[in-house]
There are 2 protein chains.
Amino acid sequence: MTKRNKIHQPPAVTVDIVIFTIENKELRVLLIKRANEPFKGEAALPGGFLARGETTQRAALRILKDKAGVGDVYVEQLYTFDNPGRDPRGQVLTVTYFALIPREQIKFEKGEKAQSPEFYSVKKLPNLAFDHGKIVEYAIGRLRAKIEYTNAAYSLLSEEFVFAELQRVYEAVLGRKLDKRNFRKKFMSLGLIKSTGKKLRGARQRPAELYRFISRKPIELIKFF
Amino acid sequence: MTKRNKIHQPPAVTVDIVIFTIENKELRVLLIKRANEPFKGEAALPGGFLARGETTQRAALRILKDKAGVGDVYVEQLYTFDNPGRDPRGQVLTVTYFALIPREQIKFEKGEKAQSPEFYSVKKLPNLAFDHGKIVEYAIGRLRAKIEYTNAAYSLLSEEFVFAELQRVYEAVLGRKLDKRNFRKKFMSLGLIKSTGKKLRGARQRPAELYRFISRKPIELIKFF
DNA sequence: CCAAAAGTGTTGACTGTACACCCATGT
DNA sequence: ACATGGGTGTACAGTCAACACTTTTGG
């Protein structure tokens, strides 16, 4: 560190979160309507200023709780944006995170109704405030990469799930159909999930086996060169 | 963004850079001796506070220029660290970058002599100030991943190079020997480099062909699922 | 018995890996 | 002529992609 302390006036710091879920076989992002200027009324990522002494990670969890009412989910830092002009109010540095949530776990808080939080399909996003469009795009790229070499999918599913649901998660994230047999074979060989022995009955079809992730903590698969 | 403006007191923002090079077949990191408290005299990453109105990317380039005297190199944002307690002076948020530089391009500035900048092999790093040890570790992981699906290696080599040098870059970064024939075959098939037609003469052995990267701008290779 | 989704194997193409010898030069 | 690193091909194993039919249930 140099002697720049004198002329150091730190930028404002905010945290924005890209909250993903799968709904109706589509990858969706949580957006709110901005209650205040700038960009009042436009769609934006949930976020907020850092509270005094708060870490960005804590702020991300707080916002997640406030806007979506969820706790124990996959959260990961994405990137830090501070291009000049990204916020008309001046220099703002935003640390972005992304989170993965199973749709049925989300309960919007009453207090947030005014901002009408809503999940938008990534295939038809509205115009977003600030540079949030770029942020979402970046997040999608990261998610696509992550889901191929981690167990992150657990965070988009409920604890017990059926193989078809798992495949739908991958298809929604990657944006294309996958072959049922190849997908099952490959995924099984990764050793990330185990059968519960239970079956899902009640549909008018052959009952499907229920699986669960062996670990619901982030795991990276080893890669070889 | 919520109504947290009132209690928003932004943390100090610094930028640290992990500057990599290849020297003597080893991956090395540039470290300086801290001139001031805290951690005075200990080895640390070059870095500094953000100047007023400066973006973190600009700050990274400025520090790169100041400490290593280089301009046109591969620079990429790494991660943002703000764990409590990482800096004894209080809440400090650090945006980290990593840079790749060919060793022969570096000229240390006289003004920086006091801090005795020096390249340390990643295999025998001293204890580092702050959480810089963790940062370097993280950077190595990122570099290893990047070099496998981008053309980032161009930034660790001079414009024209011989196949053996390219291979040494990969071996140093990945930390293991690679098979000469397989490496050549694979790398050639990527289409990132082209022969210059020239040969490197003067050694007492068969002259080696000189190659150059077709593009010296970052390129990502397409991956398939 | 019909509709619906579940479950299951084989083949061919491709990719990665292991491995050893001759070549062109400088001294 | 010899020491040095440069340059090259083949065979085997593992992985990926394409592809269609039978099973089990609820209605």
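Model, not experiment: these values are computed from the prediction. Residue numbers start from 1 in every chain, and the chains themselves are labelled A, B, ... in the order their sequence lines are given, proteins ahead of strands.
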**Student:** Rounded to whole Å, please give me the gap between CZ in B:R184 and P in C:dA18.
**Tutor:**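 Atom-to-atom, B:R184 to C:dA18, this comes out as 19 Å.
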
**Student:** Of the candidate nucleotides C:dG16, C:dG7, D:dG6, which contains the atom at the shortest distance from the side chain of B:K186?
**Tutor:**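 Looking only at heavy atoms from C-beta outward on B:K186, the closest nucleotide is C:dG16.
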
**Student:** Using whole Å, report how far NZ of A:K25 lies from C1' of C:dA5.
**Tutor:**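 To the nearest whole Å, that distance equals 11 Å.
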
**Student:** Please tell me which of the listed nucleotides, D:dA3, C:dG7, C:dA4, lies nearest to the side chain of B:R204?
**Tutor:**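 Comparing D:dA3, C:dG7, C:dA4 against the side chain of B:R204, the answer is D:dA3.
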
**Student:** C:dG7 base to A:K180 side chain: any donor-acceptor pair below 3.5 Å?
**Tutor:**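 Between C:dG7 and A:K180, which were checked side chain against base, a qualifying N/O pair under 3.5 Å is present.
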
**Student:** Count the heavy atoms belonging to other residues, nucleotides or ligands that lie under 6.0 Å from CZ of B:R86, then report whether that count exceeds 12.
**Tutor:**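 Count over threshold, so yes.
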
**Student:** Taking only distance into account, with no hydrogens and no angle test, what donor-acceptor pairs under 3.5 Å do side-chain atoms of residues 199-206 of chain A form with protein atoms, sequence neighbours excluded?
**Tutor:**
none

**Student:** Within this structure, what is the CZ-to-P distance between A:F163 and C:dT8, rounded to whole angstrom?
**Tutor:**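 The answer, rounded to whole Å, is 10 Å.
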
**Student:** Rounded to whole angstroms, how far apart are CZ on A:F183 and C1' on D:dC19?
**Tutor:**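 These atoms are roughly 18 Å apart.
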
**Student:** Check the side chains of B:E209 and B:S195 for a donor-acceptor pair under 3.5 angstrom, ignoring hydrogens and angles.
**Tutor:**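 Side-chain D/A pair, B:S195 to B:E209: present.
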
**Student:** Considering only C:dT17, C:dT8, C:dG9, which nucleotide approaches the side chain of A:K185 most closely?
**Tutor:**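 Of the candidates, C:dG9 comes closest.
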
**Student:** Assuming nearest nucleotide by heavy-atom distance, tell me which of A:N182 and A:Q205 is located more 5' along DNA chain D.
**Tutor:**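 On the 5' side of the pair lies A:N182.
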
**Student:** Expressed as a whole number of angstroms, how long is the span from A:M188:CE to C:dA6:C1'?
**Tutor:**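 Taking CE of A:M188 and C1' of C:dA6, I get 12 Å after rounding.
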
**Student:** Could you tell me how far apart B:E209 (CD) and C:dT25 (P) are, to the nearest whole angstrom?
**Tutor:**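 The distance from CD of B:E209 to P of C:dT25 comes to 13 Å, rounded to the nearest Å.
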
**Student:** Both A:P207 and A:R181 contact DNA chain C. Taking the nearest nucleotide for each, which residue is further toward the 5' end?
**Tutor:**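 The residue closer to the strand's 5' end, by nearest nucleotide, is A:P207.
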
**Student:** More than 12 non-hydrogen atoms from neighbouring residues, nucleotides or ligands closer than 6.0 Å to CG on A:N127, yes or no?
**Tutor:**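 Atom CG in A:N127 is not crowded, with 12 or fewer foreign heavy atoms closer than 6.0 Å.
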
**Student:** Within this structure, what is the CG-to-P distance between B:D179 and C:dA20, rounded to whole angstrom?
**Tutor:**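 So the two atoms are 10 Å apart, to the nearest Å.
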
**Student:** According to the salt bridge (Lys or Arg N to Asp or Glu O under 4.0 Å) rule, which pairs have a member within residues 18-27 of chain A, sequence neighbours left out?
**Tutor:**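 Sorted result for residues 18-27 of chain A: A:E23-A:R28, A:E23-A:R103, A:E26-A:R28, A:E26-A:K124.
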
**Student:** Taking CD from A:E148 and P from D:dC16, how many angstroms apart are they, rounded to a whole number?
**Tutor:**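 Answer to the nearest Å: 11 Å.
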
